[in-house]
Structure formats: C-alpha cells, structure tokens
Amino acid sequence: MAGTGTAHLRPPGETILRVEDLVVEFPAGRSGLKVHAVSNISLDVKEGETLGLVGESGCGKSTTGKAIMQLPPPKSGQVLFEGHDMAKLSGEEQRRTRTAMKMIFQDPISSLNPRRKVEDIIAEGLRIWKVGTPQEQQKKIDDMMLAVGLDPVLQRGRRPHQFSGGQCQRISIARAVITEPKLIICDEPVSALDVSVQAQILNLLEEMKTRYGLTLIFIAHDLAVVKNVSDRVVVMYLGKICEVGSPDVIYQQPSHPYTRVLLDAIPIPDPSIRPEARAKVIGEIPSPVAPPSGCRFRTRCPKAQSKCADEEPKIKEIHSGQFVACHFPLAPGETLPTRNGSGPLAS
Amino acid sequence: MLESADTELTAGSVSAAAAVEEPPDEVFEKRGMGVLAWIGIGWLSLVVLIAILAPVLPLKAPMVGDYLHPKAGLFSPGHLLGSDDSGRDVLSRVVWGARASLLIAVGSIAFGTLIGGFLGLVAGFKGGLTDTVLGAFFNIFLAFPQLVLALTLVAVLAPVKPSGGASSGEWGHRILVVILAVGIVSVPLLGRITRASAISWSQREFVMAARAQGATSRRVMLREVLPNVVPAMASIALLGVAIVLVLEGALAVFGVSIQEPNPSWGNMIYSQLSNLNSAPAVWIVPSVLIFLSVLALNYLGDVVRARFDVRESAL
Amino acid sequence: MSRRKRGAAPGSERFADAPLDGSLLEVTDVKTQFKTPRGLVHAVDGVSFSLERGKTIGIVGESGCGKSVLSRSIMGLLPRNAVRHGSVTFEGREIGKSTGNSMRQYWGTQMAMVFQDPMTSLNPVMRIGNQIMESLRFHFDVTKDYAEETALALLNSVGIPEAERRLREYPHQLSGGMRQRVMIAIALACGPKLLFADEPTTALDVTVQAQILDLLQEQQRERFMAMVLVTHDLGVVAGRTDDIAVMYAGRVVERAPTRSLFEQTRHPYTEALLKSIPKLGQPSHSKLDAIAGRPPDLVKPPRGCKFAARCPYAQPKCITDEPELVDAETPGHAFRCFFPVGSQAGAEALARNLSAGETATGLPVRKEGEAVLTGVTV
Amino acid sequence: MQVIVRRVIQLIVVLVVVTFFTSILTALLPGDPVTTIAPFSSEQDRANIRNQLNLNENIVVRYGKWLGHFMTGDMGREYAGTGVRGQSIWGRIKDSLPRSLLLMLYVQILTLLIAVPLGVYTAYKAGTRLDDLSNGIAFLLLSIPVYVTATLMLLFLSVQRHLLPTEGWVSLGSNPVEHFKHLAMPVLAITIGQVAVYARLLRSDMVATLQEDYILMAKSKGISDRRVLWRHALRPSSLTLLTVAGLNVGQLIGGALIVEVIFHLNGLGFAIGDAINRRQYIALQDYIAVVAIVYVLVNVAVDTLYRVLDPRIRGARIG
C-alpha cells in the first residue's frame, strides 16, 4: 500500500515543482540507527494549484516540505523548481530561489523572532534582497499588513508576544507573500489555532492565493482542512505515499485502506452518527527507525495479506486521476470491517 | 500551543493570565522594574561616579600617612571612615580603591563577554564540529579551578617585583594584567552560557524562517539569534562583575592584586587580615562596599533574568 | 446532565432548591478568578450544571473560554492565585469550599482526571507500575502484590499489550496513545465515580484519538461512571455525550441534550462554531464561515453579552444588557441570548443587521450571516 | 560501556590540555624564567633549575618529560631558594589532597543537607511572603565574599570569644572532636554562600517542575503534598543542582584555597597558592593535574547519577 513510484507525476512541462524519489534520513540519537523519515517520495505541483499533503504525525509530510526548501537538503532525490535542480545550485543561487519559494510554519509563536518588531519581521525578505527604496519598502509593508488584516499604523511597531496566535499567523503569511513568491509551502499553518481562528486563516490563505497568483503546498494532519483548500491531495503514511488524487474523488471514494480509516476517524459534529460503528484501525504508527517490510501500512491494515509483507506496492492509476499504492485497493463502496470496542493494541 | 493554554494552570502557578487568555496587547510592557532594582542601579551609579570623580573630590591623599592619627575609628574627626596603621585615610583609599576594583571587574567581564560571547554564539549557532571543538574547549577550561587559573596567569604575566608598585605606570600595567588574566578565566564561563542559550534559540522556527527567506548565516546569527541571547549574556555578565569584585579580594590575599601602597578594596581587606582588631575600619569599610555592590549586581542580574525569562538552570 | 423539568428561573438561583435525588454532581454558580499583575482574570464566571451517575456531559469551547479551569475548579485543583466561589455538591455533600487537604479523600477515589497531553502528564522518572500503584497504596490499605495485580489488570483493561513488561517501563518508552491509556488506567485505579477527561485526545493523532475515545466510553459504561468530557472539538462530543455545555468567555452560553444542541441550535456562538468547522461534505475551496475577531479580555469583560462583538445578530440591547440563561422548548435545553438562532427575534435581528451592513457593535456582515473578514482584526 | 570509554578519553584530553597549558605558562614568563623563579641563585643553581624545568628543550619535549614523571609518580622535589632541595612534591600531594577532599566533602554534604529541604520548601511556598523572605536572605548571604565571612567568624568566634580554634588541622583519626572543631569555621564559611546558591537553584527548578502537568496529575490522585514534592517533583528538579554541584567540585578543591590560607589548613589549594607565590611551576603543574583528575572523576560520577535520576538519558551531558 504505502509505496513508491512516479506514475502519478505529470509531464515536467506542466508543473512548477517536481520532486522525484526524495529520501530524507537522519540519525536516531546516538544509537547509530537511522530514522527513515521520507522514503522515495515523488510529487509535483502545477502553477496556481494547491497540493495538499496529509497524514498523521510521523508520516514525513513536514520533512518533505522542509527537504523541498533544502532545509536541510535531502539525502537523495531530485527537487526541480522551475526546471532547476535545487541540489545542483550553488549556495548563492540556492539562496536566490528563496524569494520565489517561501514557507509558513506551524507554531505561530516560535516562528516569529520575539525581539523584533512586526514591520521588521515582515520586511525581512525585502531588506535581504534590497528591493526598492526604504519608502517603497514601507509602503509595501503597510499594504501587506492591511491585506492580511492587520492595522499598519497601530500594530507595525509591536512585537510578536503582543499578538494572538491567529494574528501571528497573519504576520507569517505577510512575511511570506511580501516578496511575491511563486510557491509557498504551508507547514501545518492552522494546527495550533482554534477552530474559529482556523477558518479565518484558511480564508485568508485562499484570498492571498487568488490575489497574488500563488501556488501552495499545504501540509496538515486534518483531512477536512486539507480537502477544503486543495486541488490535489497526497496521502502519506510513514514516509511513503498511499494515495494521490483530487480531493473530491479521494474523499468520496478512497481506494487505499489507510485513506478510508483516516476519513472514518474524523470526529463528525453530528450526533446521529455513532462513532463506534465506524472503521477503526489497530495500534499506532510504527517507528520510522525500523519501518515494516513491503507495504508500510500492512501492520495495521485490516486487508493485509502475506504479499503485502513481501512486496512493496507501486503507485498505479486506479481510476482516471486517482493513484494508489496498494496491492488490494478498495472497490468503490467497499467498507472495512469495524472493530468492537477500543480493543487491545497489536502486539 | 494555543490549545494547551488551559493546562498551563497548575499548582503553584502564578502566571494565570497567560493561561486563561492569549496575551493581550501591552501586557508585558507595563511590568515595572520595582523599587529595589532602582535602588540597586542608584547604588552602582554612585559607586561608579565616585570612582570616576576621585581626582576632583575633596579627599586626602590616599597614599600619604597622617602619623598623628593612625588607626582612627569610624567617624573620627578628619577621618570620616577612619584611618589605617600608618594613618592613611580610609575614605580616600576606598574611593581610589574603587577605581582599581571597578576597572578590574568591569574590564575583565567586558573582555570575557566579548570573546566568550562571540565564541559561544558561533558554537551554538553553527553546531557540528565548530560546536564540538569550542564546547570541549569551554568544558576543559572549566576543569581548572578559576581562582587558581587567575592566580597563575597574574603571577606569570606580571611577577611581583620586590620594589612594589607605587608608580602610576606600574599601577596601570598591573590592572591590565589582572583584567587580562581574569578576562581569560571568564571566557569559558560566559562562552558556555552563551552557547547553551544560542543552541536553544537556534532551534526555533523563526531561525529556519529567516533561512527560508534567503538570509545569510551571518545575518541570521547576528539579527535573529544574537538579540535573543543578549539577555542571558547580560544577566550572567552582571553576576560576573559581582564575582570578579569578590575575586579581586581573593587575588589580594595572595598578594597579586594591586600592589601597596596603591589601594584596592581587596588589598585593603587583605592588609588587615593578620591583625583584625588593629584598625577594623580598614577592612570593614571595603567589605561593606563589596557586599553592597555585589548585592546590587546579583539582584539586577536576577531582575534581568526574570524579565527575559532566562531559566536559572541555564546559567 | 439530567433532564430537568423545573420551570425557567434566571441564572444561578435556578437549582438552589434542587433536591439531592439521583444527581452525582451539582455545580451551582461557580466562579473562578485568578489574581494576576494585570488584575483579576474572570476565568469561570457563574457556571451551573448537574450530572447524574453514569452520564456524560461535554464541555465545549475554544482555548481560554474557561472549560479546563471549570473542571479544575470543581475538583479543587487550582493554583494558589485562584479564588473560587459558588457551590459544588458531590453526592449531596458540599465540596465547593474545600481546600486541598479535605479534597484529598475525593481525589482519585471519588473523582479523577485524565489530562490533555500524555507526553507531559506522566512523571518521566517514575516507572509506569509505580505511577498506577501509587494511589492504590496511598488510599487503600493494600499489599504491594495486590496493588501490582490490580495495576496489571488495569493495564490489560485499557488495552495495553504485554502489560507485565510495561509495568516496569518508563513513560518515554511508550507511544503517545499508550501513554494516554496508562493515564486512563491511573485515573481509574481507585474506581472513581466521576471522571474528568480534559481534552484527552487533543495531542493525539486522529486514528489514535478514535481508539482513546472508544476506550473512555467503554470504561465509563462498564463502571457506570459519570464523565465530564472537556474538548474544543464539537465532533468529539457529538456521538459520545448525553449533554453538552458550550462555554464562551467563562460562561455557559448554551446547554442542551446533545441531539437537541446540534439540531435546534439556539445560541449564535454555537452556530458559528459549527459553521466554522471545514466539512468533508463540502466541495473543496468553499469559503468557510469564520468568526471574526477574538474572545474578550477576561480581566475587563464587556458589560453586555460577551459574544456581542463577534455576533452577526448583535443588537444595541446586547451591548448594554447581559442575557440570562433561559429555557428552550426542549427540556434541559437552555441558552443565553436575546435573539436566539431559529427564533422570530433572531431572524429579525439578523435581517436588520444585514440590511444595515453591520451589527450594533460595528461588525460588518454580509449575506448568509457571514461576518466579513477582510479588514482589520482587533 | 561506550559511556565509560568516552569518559576516559575525555579525562585524558582534559588532563593533557590542562597540564600542557600550565607548562606553556612557564614559557610565557617575561625575560629569563629562571631569573624570575630564583632571582638570587648561583650559576650552578640556575643550570640545575634550567635542567629540571627542561628549559633547554622545546615546549613539547618539555611537556612530554613532565608527563612521564607525573605518570610514574616521580615528581621530584620543590626547589628551595637556591636549588632543588625542597619538599617532595608527591609527599605534599599525599598530605594535602585528603584534607582538601575532606573539606570539599563536608561542605557539599552540609550544603546539600540544608539547601535541598530549603529549596523544596521555598518552591512549595513560591509566591508567599515566606518565599520572599528566604529569597532576600539568600541574596544577602550570597553577596558576602567568603573571605569576609571567614574573617568575621574568626573575629567573633575565635579572637573575641575563643569558642573555636583559629587555625590548623587535626586529623579525624587522631581526635575527632578537635577535627570537627578545627574544620567547623572553614566549612561553615564556604557553606553559607553555597547554601544560598544551591537552594535558589533548586527552588527555581522546582517551581518550574511544579508547573508540569504530571505534578497536577499526581495531585489529582489524592496523594499527600509531601509525597508530591519529594517523590514526584524533587527528582526531575535536581538535575541542574547536580550539574552545578559537580562543576563546583573543581572550585572547591582548588578554589577553597582562600579558606585554606585564612585558616592555615595546608590543603591542596594552599599548596597551589604557595606554589604560585614561590614560583614552583613544576609543582604547580602537578597540583593542577591532580585537581583536574579529581574534578573529572567526580563529574563522571555525577554523570552516572544523572542516568539513575533521569531514565530518559537525554543526549550527552556536560562534563
């Protein structure tokens, strides 16, 4: 199921970013073992599109986002941004791409320097690249603050701790958008926010995307959020891709058992749905230090067969525009067996 | 972060405001420093001012004895703070001694903060091999008892000459040597703390955010990390000045601080150690001055720490 | 929360004469304030509800609404700078004034709590077994062997495999979900009658969240335990509680049997909260109904309705007067609003605001009652 | 174990660097070092000293030779005014090291005995008037220089009241009562300042620990406050204190020399001070090496204790 392959990639000419066989590993403490954070992930993004990267913690979605930014560079694999191989660019050239590729982080507090004023935080990109005169810069900062819903006159001199989490995220967005980038990688931008604020930020992102013609990679663990913002969704599990496709198709007709389980686990604010009756999965995500052989989801998959342990599934197109990496994909309408009670964990 | 806000309320917590509400505007700005901190600043300013103004203050000559009034007690006529065995005026000597003591304390910590701070910042920010080497360097030098190291350095760099150090050239030279010696000793201490602070700040997301903007390492280090490390450095530097004020006295006990007849707080205390009852004012007055200044510095260091939320354990 | 049949009475006096029949917990007009350098923070501001044995009540609200403080106020687990008013009766005994020393007999044996973050709520330097056995051995005069047997049985019942080995392990050797299971085992150790679950799944992954919620529900039913489930996620409480209280700025703004709350929502805040959740059913890129602005400062709460500044229904009356908790048609359903959703008054208020383009508090509104978001946030 | 190997390597590196640094110092002496060391000696004596210091060799060889002597315990003698006929260096280490270690041990034990309950209690009472008061007192105590404390004690307890002997060392074996009487003031003089430092450190860590979720969790089990404090909060809070106590060992062995000088205890610190004063650079190198060895050994012990106290063993600790 969770497997590798590039069947889902589109012709290179159509995309702004193409990632092939990305591998990120880092040492697990001092043990000498390796954390297989991302293993042979391939994905691509078209200009103007929002690509949603979704999965539970430890699935490697954030690591993928950072590896695309070369922060730090991946162990292997290609990141082609507008046709340039990021890894082959010199340090200085790579630094230049930073105006075109930006990032928004999860923790609104930690991603802003507490010692700096808001206007300086937002202006950082302009100042690094010396865009325009100081007056022009100031104008841009003020415009940008207005655009993200902050008051330039009252608030530009304040420091991050004087803002709420939602406002901090607005500052982060302003900081990312001000240099007019092509691509923004949003790493769980709303996970730390309250629902009501989350909706504000999601709306703002959509608005900024249209206004500035942005392309987004949207990383989140909340499927409903990802569905809301994305044109194309990649479901990840333990460093591998499970399923790729348009959100409406995937959510209505998931073919990967993991996608199904994930969807069924979302708590729905409707008392008529009994949560016990929905599909459940046993146990928790295995350690990325020693991922299972073959399909990485097999240890928790209700449909797992011996083949899943021996052979890693390749990504294949199952319906038009829907790609899945599974030996036994779900048929349309097929449900998974529900399990009784909370049950013991897999041993 | 925000969702967990409620759970920050626990036994003994005093910071319920942050727990219950997101920080509203201006909360942190309004917290004043308190009267005690101002008293501390006032005292230190007074000491510094007196030390600077020593030549123009109406004082007796610090090195000339008044053979008619030796061993005068406190508040004696003509000797407000008493006089020593050879009748030299204690008030005049502590004021002039303040010059030496303060110069040594401030100078050596300034030296240590510059060098140690720079090395610690680079080590903590760069990580990797740089950090391993510098970190090991700091730790190795902490294995030296600091007083011993300082003593050795002073002894080696400026061997005490039998002729003493009455001339002003001698005085300046010795101060420089002591500053250098104590400064070197303070480098690993300040470096270690700066490094710890720099490591924790370098892992914050805003540092990655700055890199993602295309900022050069130098820019990230100086603009993003350094300003956040400064409070920890400042608070430890304040403590450092206090420690050196005390240390100068310890150097004097070994006869390697400022040489008689020039006064420093330390050598005034030392001069009476073998004969405590003879002229108590001579050692009590500088002891009290050291105590009060150290108290003020300690307290201010604590205020800085509390204000900028520097964990005491980080020091 | 039980079905109540008493007539409408304003606010807190409502249950003053309530007989001590079946209800396990009666909370009446509880107020909790924190002394801070900025002033008094009114974290919980006059909350009342009651809970029967074996029932579950969900307390829902956003961060800073006082929901966690409420459960800690009931348990008496507050920091030193907190001031608590109001009455809490447990099995008919007043415990609202009790301090740590007299509450200790209740903690663990009568009421227990499961905390939000399993990563930080277990003592990192104590073995799992000792943490479970501790309260057993403290409260009951049991031998070490007996306590260990009980701990083993508890671990098994919360679904931890290889329980024997786990007893001797430290928290950092367990995954997040396992730790939360251990926390539940600790809470259940002395057989409490009332369990507070304070955002028990917020820190967990969604697939694990479902497991833990099922476990809690299962244990609650098996032990006929009452449960207070505190969460920010309406989805979590929807299928798992008997009643729900929605909190905003330290007050309960709506309280109802679960089904009634979702089907006959009365308070604009509840409605807004429901609307702002992205739903799987909606096509992608559909604009979300966000709630503008942010909650009020609890040091200086506004005079009228606390939600008025963000409410699309707000009228001049909402700024000056604070609405009392009034009953809806469904028994047990009460809300705190002058212009409730789904009523004549509410519809008129909304229409008035829409035609004016803004509410009485100056909040711009567009069609469908959606607040305009662009523009400056406060 | 891997840890032990790493520690041994660390120990060796520390020793080599520390002692090498000391031997460089002699090279830094301005002018002819021998003149500085023994200004009034004869040509013959000078040649002897030169020889003994290996001043004719380059630094590395000189260091190598010193190291060889040190390792074999053949440290030679101090050179007296005109030659090399002074006290045996090894003999002096044998005499003084136990004294310094004992002094350090007493100070550490006494300090911890007072500071731990004080730190725990003030953390428990954090924010109350009692906490403010003890905080204020701690500030006062920690601002008094050791030599002032020692001097005041000498003045009031010995010179004026004759309660305690002013100076000297009596071994524990020969007369325990006198032993403690002689050590009471030196130990107290250091302890007073240390208690303030340790207690404040523990208090601030405890206050932070008491904010942790697991403390609230423990409270909610209904166990006693005392149990929460001592069983749940103290252990995770004691790590910083332990580190500082470990780092302090070096200072206490070599750094207590002020006290050793004032009370004439003739410990290792005193020997070091003496060596500096009399420019016994060979002896100095040996003494410092001994201090460094003890320091590193104690910190190995502290590191082991860390692993006992905190099962998480988070990465490498400072050494």
Side-chain angles (χ1 to χ4, degrees), chain A residues 50 56-58 146-147 149-151 164 166-167 170 194-200 202-204 206-207 221-225 227-231 246-248 251 261-276 278 280-285 300 341-347, chain C residues 62-64 156 158-162 175-178 181 205-219 232-240 258-259 261-263 272-280 282-292 294 310 373-377:
Chain A
T50 299
E56 294 176 285
S57 58
L146 269 180
L150 296 168
D151 183 339
S164 67
Q167 286 174 318
R170 288 170 192 270
D194 269 323
V195 253
S196 66
V197 183
Q198 167 180 302
Q200 292 176 13
L202 289 176
N203 284 343
L204 175 67
E206 288 277 49
E207 205 180 296
H221 64 266
D222 186 328
L223 281 96
V225 166
K227 173 173 183 197
N228 184 273
V229 298
S230 308
D231 301 296
S246 90
D248 293 321
Y251 284 61
V261 164
L262 217 45
L263 283 169
D264 271 359
I266 301 175
I268 293 177
D270 180 350
S272 58
I273 296 171
R274 301 313 300 179
E276 310 94 284
R278 301 172 74 198
K280 293 277 159 53
V281 71
I282 48 169
E284 289 170 63
I285 195 161
R300 300 171 72 193
S342 60
L345 294 167
S347 47
Chain C
E62 295 180 279
S63 56
N156 279 322
V158 295
I160 289 188
E162 300 169 82
S175 66
M178 295 264 244
R181 284 171 194 264
D205 270 324
V206 66
T207 53
V208 183
Q209 161 171 308
Q211 296 168 6
I212 296 297
L213 289 171
D214 280 356
L215 171 67
L216 276 173
Q217 198 164 9
E218 187 186 292
Q219 293 290 335
H232 68 281
D233 189 342
L234 275 166
V236 164
V237 285
R240 303 180 192 268
T258 303
R259 193 168 280 274
L261 184 92
F262 284 94
E263 283 164 8
L273 214 49
L274 276 167
K275 274 188 172 174
S276 63
I277 305 173
K279 282 162 209 72
L280 285 176
Q282 291 165 343
S284 43
H285 297 297
S286 44
K287 193 158 169 94
L288 297 166
D289 296 321
I291 310 175
R294 57 198 259 205
R310 308 170 74 186
L373 269 172
T374 36
V376 176
T377 58

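Here is the naming used below: chain letters follow the sequence lines, and residue numbers restart at 1 for every chain. Being a predicted model, the structure only gives us computed values, none of them experimental.
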Give the intermediate values and the outcome of side chain to side chain contact (heavy atoms under 4.5 Å, CB included) for residues A:Q198 and C:I277. CA-CA 9 Å; A:Q198 167 180 302; C:I277 305 173; over 6 Å; no
Let me see the working for A:D248 and C:S284 under side chain to side chain contact (heavy atoms under 4.5 Å, CB included), right down to the final yes or no. CA-CA 7 Å; A:D248 293 321; C:S284 43; 3.8 Å; yes
Given the rule in the side chain to side chain contact (heavy atoms under 4.5 Å, CB included) test, do A:K227 and C:L280 qualify, once you have shown the distances and angles that lead to the verdict? CA-CA 7 Å; A:K227 173 173 183 197; C:L280 285 176; 4.1 Å; yes
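For A:V225, the parts sitting under 4.5 Å from any heavy atom of chain C are the backbone and the side chain alike. Looking at A:I273, the atoms closer than 4.5 Å to chain C (heavy atoms on both sides) all sit in the backbone: N, CA, C or O. Proximity to chain A involves both the backbone and the side chain of C:L234, based on heavy atoms less than 4.5 angstrom apart. Both the backbone and the side chain of A:N228 have a heavy atom closer than 4.5 Å to some heavy atom of chain C. Only the side chain of C:Q209 comes within contact range of chain A, with heavy atoms under 4.5 Å apart. Residue contact with chain C, scored on non-hydrogen atoms closer than 4.5 Å, involves the backbone and the side chain of A:E56 alike.
Note on A:S272, A:S57, A:G58, A:P247: by heavy-atom pairs under 4.5 Å with chain C, the leading option is A:S57. Options C:G176, C:A210, C:G239 differ in how many heavy-atom pairs under 4.5 Å they form with chain A, and the most are formed by C:G239. Looking only at heavy-atom pairs under 4.5 Å with chain C, the residue among A:P269, A:A265, A:S246 that has the most is A:P269. Most heavy-atom pairs under 4.5 Å with chain C, from the set A:L223, A:D231, A:L202: that is A:D231.
Taking all atoms of both residues into account, the shortest heavy-atom contact from C:A290 to A:S196 is CB-O, 4.0 Å. Shortest non-hydrogen contact noted between C:R294 and A:S164 is CZ-CB, 3.7 Å. When all heavy atoms of A:V195 and C:H232 are compared, the closest pair comes out as CG2-O, 4.3 Å. Here the closest non-hydrogen pair linking A:I282 and C:Q211 is C-NE2, 3.6 Å. In terms of heavy atoms, C:E62 sits closest to A:D194 at OE2-CB, 3.2 Å. Of all heavy-atom pairs between A:I268 and C:A238, the closest is O-CB, 3.4 Å.
Not counting sequence neighbours, A:D222 has no partner by the salt bridge (charged side-chain N to carboxylate O under 4.0 Å, His left out) test.
From A:E284, atom CD reaches atom OG1 of C:T207 across 7.5 Å, with rounding to the nearest 0.5 Å.
Between the side chain of A:E206 and the backbone N or O of C:L288 there is no donor-acceptor pair closer than 3.5 Å.
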